[in-house]
Amino acid sequence: MIDLKVLRDDPQRVRDSQTARGEDAALVDAALEADANRRAAVAAFDKVRAEQKLVSKGIGPLHGAVKKAADDSARASAQAELDKQMLIATDLADLVKAAEATQRDADVAADAAVAALSNVIDPAAPIGSEEDFVVLDTVGEPRDFLAEGFEPRDHVEIGQLLGAIDIERGAKVSGSRFYYLTGVGALLEFALVGLAMDLAQRNGFTPVIPPALVNPAAMEGTGFLGQAAENVYRLEADDMYLVGTAEVPLAAFHMDEVLDADSLPLRYVGYSPCFRREAGSHGKDTRGIFRVHWFDKVEMFSFCPPDQADAEHQRLLTWEREFLDALELPYQVIDVASGDLGASAARKFDCEAWIPTQQRYRELTSTSNCTQFQSRRLKIRMRDENGIAPLATLNGTLCAITRTIVALLENHQRSDGSVNVPAALRPFFGNREVLEPINPAR
RNA sequence: GGAGGCGUCGCAUAGUGGCCUAGUGCGCCCGCCUGCUAAGCGGGUUGGGGAUAAAACCCCUCGAGAGUUCAAAUCUCUCCGUCUCCGCCA
C-alpha cells in the first residue's frame, strides 16, 4: 500500500509513477475520490455515534430517577422524560446503524482503490519496459568453447550424464516442468544451500526454515494476490496458498508487530520450496529445469529503517554478487526498468548469469527494495524517538537452486561431460573437485 | 478427530448489561526528594482514524466477525488461536 499522505499531497508523483510502470494513472484519481468519500463517511458516523453515546448515557440515571421518585407526580414526570429520551435514542440507533454501514462500504471501497496502486517507483530506476534495463556491471568472460574445441552440452544432457537430473520421471510423476534431482544433483543442492547459508550467517542473517503454506492474510499482505495472482497455487479446500518464494513467510514473520528501531536492520535468510503456476509462460523455456513449477531457494529478507533502505539494497546486491563470484560464474547486473518492476518494488536489480547454450544472460537472482509498501499492508512498524512508522522491507535471492545448477553445469563443463566444482563450493561438497559422468551419452 | 478450559493495555491480573471515561500491580518514561543508589512521592504510558495552522476535541479498538439492546469486555451465534485430556500419526 502506498503512503496516503503522498497520495493526498502529491498525487502527480503517483500518477507519474503509474505511467512509468505502464499502468493506469486514472487509478490515482479514483483512489483520491474514494479516500475523500471515506473521510466524509467517517465524519458522519463519528458525529451521530457521539450523539447516541451522550443520550444513552443519560438513560441509566433516568431509570434511577423513576425508581426513587418521591411521589406519583414526580414519578410520572420522570417516566415521561425517560420515554422521551428512549424515543430519541431509538431513532439515533437507526441512524448509527445506517451511518456505520455507509462508512464500512466507503472503507472497503477506499482500501480497494488504494490497493490498486503500485508502489511509487524510485526516481533512479530506468524508465521503460522490460527491454529498457540498464546494465550496471559485467563480471567475468563467457567461455569460448569453440576455441577449447568442443560444443557445450546443455544442462539437460550434462544432468543426464551425471545422473543428477531426471526430467522424464519428473514428468511421469508430476507433469511438465517437474524434475527429480538425483545423486550428485541432490548433493549439489545441499552444497549450494550450505554455501549460501554460510555467506548469509557471516553477514548477520538469522537462518530460517519457514512454512511454505500460508494463509490469505500473509499472501495478500506481501502483494502476491494482485497482478501476480494467476501464478499462485491456491488450496481451495483449506483456503491456503503455496508460496512462490520465502519472501512471503519471511515478510509476514513480523506481521502486526511494532519493532524496536534499535534492533534494525533485522535480516533473515530463508530456505524454502517455491511453487509457481507459470501461467502465461507456455512455450517459454520448456527444456530442462530453467523454468519449473517447483524449486528450492535461499532468500534474503531485511527489515530496515526507510532512510537506510537504499544502502541496504546495495548490500543485498553485494551479497548476491559475492555468491555468484564464489561460483565463478560470468554474469551481468542490471537495473530493472520501471515497466518490469513488480507491484511492490520501487527499484530492482537482477543478476543474470551467462548460459552458454542459450548464448545470453539469464536471470539467476533478483533483489527488490519495497520501501514501506509491503510493511503498510502487513502492519509492520518500527518505534523510534519520532514515534511509530512503517519500515522498509527488502528481499534478494541468494540462490535459486535450479537455475544455479543450470548455470553451474553449463559453465563449468569439460569436453568429456564432467563438471568442475568451483573451489568455494568444495568444502560444502565433501571436497569433491569434479563431478564425473556415470551414464552413457544418449 | 472427540471432550473441556482459556483469549482484557509490554507482562500479570480485576471487571457477569449503565458509577468502565477499562481499575490495580509490575515494567518503562518524566519530575520531586535525596552525599550516591534503593525506597518514597507526583505525573505519564495500547494502537488506529477524524478534525485542526497546531491543539483542545471526537470516533473506533477487550482474539476476529455477526447479532440482541437505548446501551456490550460483560448476553447469543460463527470463526480463529491457545492449553489440558483421549484417539490417530511422520
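Treat the numbers as computed from the prediction; the structure is a model and nothing was measured. Just so we're on the same page: letters track the sequence lines, and every chain starts at 1.
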[N] pairs with, by Watson-Crick or G-U criteria that keep both distances under 3.5 Å:
N      : answer
G35(B) : none
A73(B) : none
U46(B) : none
G10(B) : C26(B)
G4(B)  : C83(B)

Rounding to an integer number of angstrom, what distance separates [N] and [M] when you compare their [atom1] atoms?
N      : M      : atom1 : value
A22(B) : G27(B) : P     : 24 Å
C62(B) : U21(B) : P     : 14 Å
C57(B) : U45(B) : P     : 12 Å
A71(B) : C85(B) : P     : 44 Å
U68(B) : C75(B) : C1'   : 8 Å
A72(B) : C86(B) : P     : 43 Å
C60(B) : G44(B) : P     : 23 Å
G48(B) : A56(B) : P     : 16 Å

Does a side-chain N-to-carboxylate-O contact under 4.0 Å join [X] and [Y]?
X         : Y         : result
Arg383(A) : Asp260(A) : no
Asp10(A)  : Lys5(A)   : no
Glu299(A) : Lys297(A) : yes
Arg15(A)  : Asp29(A)  : yes

Return yes if a side-chain donor-acceptor contact under 3.5 Å exists between Ser272(A) and Asp296(A), otherwise no.
-> no

Could you tell me whether Phe253(A) and Tyr268(A) have their ring centroids closer than 6.0 angstrom?
-> yes

Counting primed atoms, P, OP1 and OP2 as sugar-phosphate and everything else as base, the B/S/- map of nucleotides 70-81 of chain B against protein heavy atoms under 4.0 Å is BS----------

Could you tell me the separation between the [atom1] atom of [X] and the [atom2] atom of [N], rounded to a whole number of Å?
X         : N      : atom1 : atom2 : value
Asp260(A) : C28(B) : CG    : C1'   : 12 Å
Asp256(A) : A64(B) : CG    : C1'   : 12 Å
Asp107(A) : U61(B) : CG    : P     : 13 Å
Leu259(A) : G10(B) : CG    : C1'   : 14 Å

Does any non-hydrogen side-chain atom of Arg347(A) lie less than 4.5 Å from one of Ser368(A)?
-> no

N/O to N/O distances under 3.5 Å, protein versus nucleotides 44-50 of chain B:
unit_1: G47(B); atom_1: OP1; unit_2: Arg383(A); atom_2: NH1; d: 3.2
unit_1: G47(B); atom_1: O3'; unit_2: Arg381(A); atom_2: NH1; d: 3.0
unit_1: G48(B); atom_1: OP1; unit_2: Arg381(A); atom_2: NH1; d: 3.1
unit_1: G49(B); atom_1: N2; unit_2: Asp46(A); atom_2: OD2; d: 3.3
unit_1: G50(B); atom_1: OP1; unit_2: Arg8(A); atom_2: NH2; d: 3.2

Map Lys53(A) and Arg104(A) onto RNA chain B by nearest heavy atom, then report which one ends up closer to the 5' terminus.
-> Lys53(A)

Out of Trp319(A), Phe303(A), Tyr271(A), which one pairs with Phe205(A) under the ring pair (Phe, Tyr, Trp, His ring centres under 6.0 Å) rule?
-> Trp319(A)

Please work out if Lys84(A) contacts a base, only the sugar-phosphate, or nothing of the nucleic acid, heavy-atom cut-off 4.0 Å.
-> nothing

Classify the nucleic acid contact of Lys47(A) as base, sugar-phosphate or nothing, counting any heavy atom under 4.0 Å across all strands shown.
-> nothing

Have a look at Leu192(A) and tell me which of Leu187(A), Val298(A), Leu408(A) forms a side-chain contact (heavy atoms from CB on, under 4.5 Å) with it.
-> Leu408(A)

Could you point out which residue of Arg21(A), Arg13(A), Gln18(A) forms a side-chain contact (heavy atoms from CB on, under 4.5 Å) with Val120(A)?
-> Arg13(A)

Does a side-chain N or O from Lys97(A) land closer than 4.0 Å to OP1 or OP2 of A66(B), or not?
-> no

Can you name the residues that form a salt bridge (charged side-chain N to carboxylate O under 4.0 Å, His left out) with Glu312(A), not counting sequence neighbours?
-> Arg267(A), Arg315(A)

